Every structure is written in structure tokens, then in C-alpha cells.
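Before any comments, here is the structure.
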Amino acid sequence: ADGLRLAMAVAFTDPKRALSIYDEVGNDLLQVPANPRSRRDGTLALALSSYPLRRTTRAAEARRGLDSALSRLREDKLYPATSIELGSEADRTLRALADLEAESGNMQKAIDLYREIVAKTTEAKPEVRLADATGLSRIYAVLSGLHRRLGNTAEAAAVEGRRAALWRVWEQKLPGNGFVGRQAAESTCTQG
């Protein structure tokens with residue numbers, strides 16, 4: 001888990017180093033006998049490595065890694081699922097796939113994947129758990145951007161409206177909180 005966090009931290013600033021760390025983590029996890037947590041971490045490493053792979057112009061390899069991650073999720077009966085937990089391996093893999101689709105010009109496919117995540121986060125409590133609010137807000141921001149890229153300004157505005165409403169709730173719960181205030185301000189600036 002520490003290796004995954006380190007790789008994520010350097011994925012955009014030093015993609016080659018991130019890939020080296022993901023490879024090392026993946027190899028280490030292969031040494032662990034049938035352990036569900038290690039297998040899920042390996043799946044996550046495959047999915048998250050797609051970001052630095054794309055930054056190093058290895059999109060085909062990124063897609064193969066995501067296909068492997070999806071296959072593992074199916075084998076482990078974690079996807080497809082009726083519910084997706086924000087931050088879970090299924091969530092992170094689908095987001096990585098959606099981002100790859102968007103980068104490849106398949107905006108509608110990316111939108112469909114993000115909509116699936118939102119629809120299946122039935123157990124998320126963004127009005128109660130700040131982590132859920134933050135995760136959902138990030139999804140809304142990306143989804144809005146994808147709609148705008150396709151010229152769907154009404155859809156983009158509707159998604160941003162949901163994002164802004166989410167942060168208005170948190171502004172009332174945590175008045176004066178710097179993080180919440182920045183999120184609320186950002187969601188209001190991008191609205192409309």
C-alpha cells in the first residue's frame with residue numbers, strides 16, 4: 001500500500017519512476033500467496049499505472065493493463081456490481097479507463113463510464129462523509145468537463161449544479177473551513 005501511494009504521488013511529475021514503483025509493487029504482490037487484499041492492490045496497481053504509461057506515450061500498454069485489471073475485478077466478483085464504493089478498486093479502475101477513453105477521443109464512452117460510477121455509488125454519503133463528498137465532487141468536475149468538450153453545455157451545467165449543491169451543504173456544516181470554502185468557490189466558478 002505504501003508503494004502504491006508513492007507511485008501515485010510521483011505519477012504525473014516523474015512517470016518513469018512511478019512505473020518502476022508500480023512494477024516493483026506488482027512483483028512483490030505476486031510473491032504473496034492467495035491473499036485477497038494483495039490481489040486487490042495488484043489490480044489497483046495495474047489500473048493506476050495507466051496514467052504514467054500514457055504520459056510516456058505507451059497508451060496501448062495502458063489499455064492492456066486496464067483490460068487485465070477489469071478481468072481481475074470480474075474474477076474476484078468486484079465488477080460488474082450493483083454498487084461501487086468510492087475509492088475502491090472498481091471505482092479507480094473505471095475512472096482510469098474513462099480517462100483513457102477521453103484521452104483517446106472517445107468522450108461519450110468516458111461519460112458513460114463516469115455516469116455508471118455515479119449511478120452505482122449508492123452507498124456513498126457525500127452529505128455525511130467529507131471523503132465521499134470530495135470523491136464525488138472530483139467525478140462531477142471531470143464529467144462536467146467531458147460534457148463541455150462535447151458541447152453539451154446544459155448537461156455540464158446540471159452536473160456542476162449538483163457539485164455546487166454538495167459543497168453548499170458542507171459550507172453549512174463546516175463554516176469557515178478553508179478546504180470546503182475552496183471547493184465551494186471552485187464549483188461555483190465553473191458553474192454555468
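When a residue number appears, it is its place in the shown sequence, counting from 1. Side chains included, hydrogens not; waters and symmetry mates left out as well; all remaining heavy atoms used. Note that the coordinates shown come from a computational prediction; the quantities given were computed from them, not determined experimentally.
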* Give the minimum heavy-atom separation between Ala11 and Pro52, together with the two atoms involved. => O-CB, 4.0 Å
* Taking the inter-plane angle between the rings of Phe179 and Trp167 on a 0 to 90° scale, is it parallel (under 30°), tilted (30 to 60°) or perpendicular (over 60°)? -> perpendicular
* Note: Arg5-Asp2 ion pair, threshold 4.0 Å (strictly below) -> yes
* Basic-acidic side-chain contact under 4.0 Å: Glu160, Arg163 -> yes
* Does Asp67 offer a backbone N or O that forms a donor-acceptor pair with the side chain of Ser71 under 3.5 Å? -> no
* What is the minimum heavy-atom distance between Ala59 and Arg54, and which atoms define it? -> CA-CG, 4.4 Å
* For Glu24, does the CD atom have more than 12 heavy-atom neighbours from other residues, nucleotides or ligands under 6.0 Å away? -> no
* Asked: Are Arg72 and Glu89 ion-paired here, with the side-chain N under 4.0 Å from a carboxylate O?
  -> no
* Salt bridge check: are Arg40 and Asp76 linked by an N-O gap of less than 4.0 Å? -> no
* Where the side chain of Thr43 meets the backbone of Arg39, is there a donor-acceptor pair that is under 3.5 Å apart? -> yes
* Asked: Salt bridge or not for Asp99 and Arg95, using N-O below 4.0 Å?
  -> no
* Taking it one step at a time, do Asp91 and Ile139 satisfy side-chain contact (heavy atoms from CB on, under 4.5 Å)? -> CA-CA 10 Å; Asp91 169 46; Ile139 291 171; 4.2 Å; yes
* For Val180, does its backbone N or O pair with a side-chain atom of Asn177 as donor and acceptor, under 3.5 Å? -> yes
* Lys/Arg-Asp/Glu bridge criterion (N-O < 4.0 Å) met for Glu123, Arg129 -> no
* Is the shortest side-chain N to carboxylate O distance from Glu116 to Lys120 below 4.0 Å? -> yes
* Look at the side chain of Thr121 and the backbone N and O of Val118, then say whether any donor-acceptor pair between them is shorter than 3.5 Å. => yes
* Hey, are the side chains of Asp41 and Val25 touching, using non-hydrogen atoms and a 4.5 Å cut-off? -> no
* Asked: Restricting to pairs with a member in residues 8-20, which pass side-chain hydrogen bond (donor to acceptor under 3.5 Å, both in side chains), not counting sequence neighbours?
  -> none
* Could you tell me whether a side-chain N or O of Asn152 sits under 3.5 Å from a main-chain N or O of Glu155, the two making a donor and an acceptor? => no
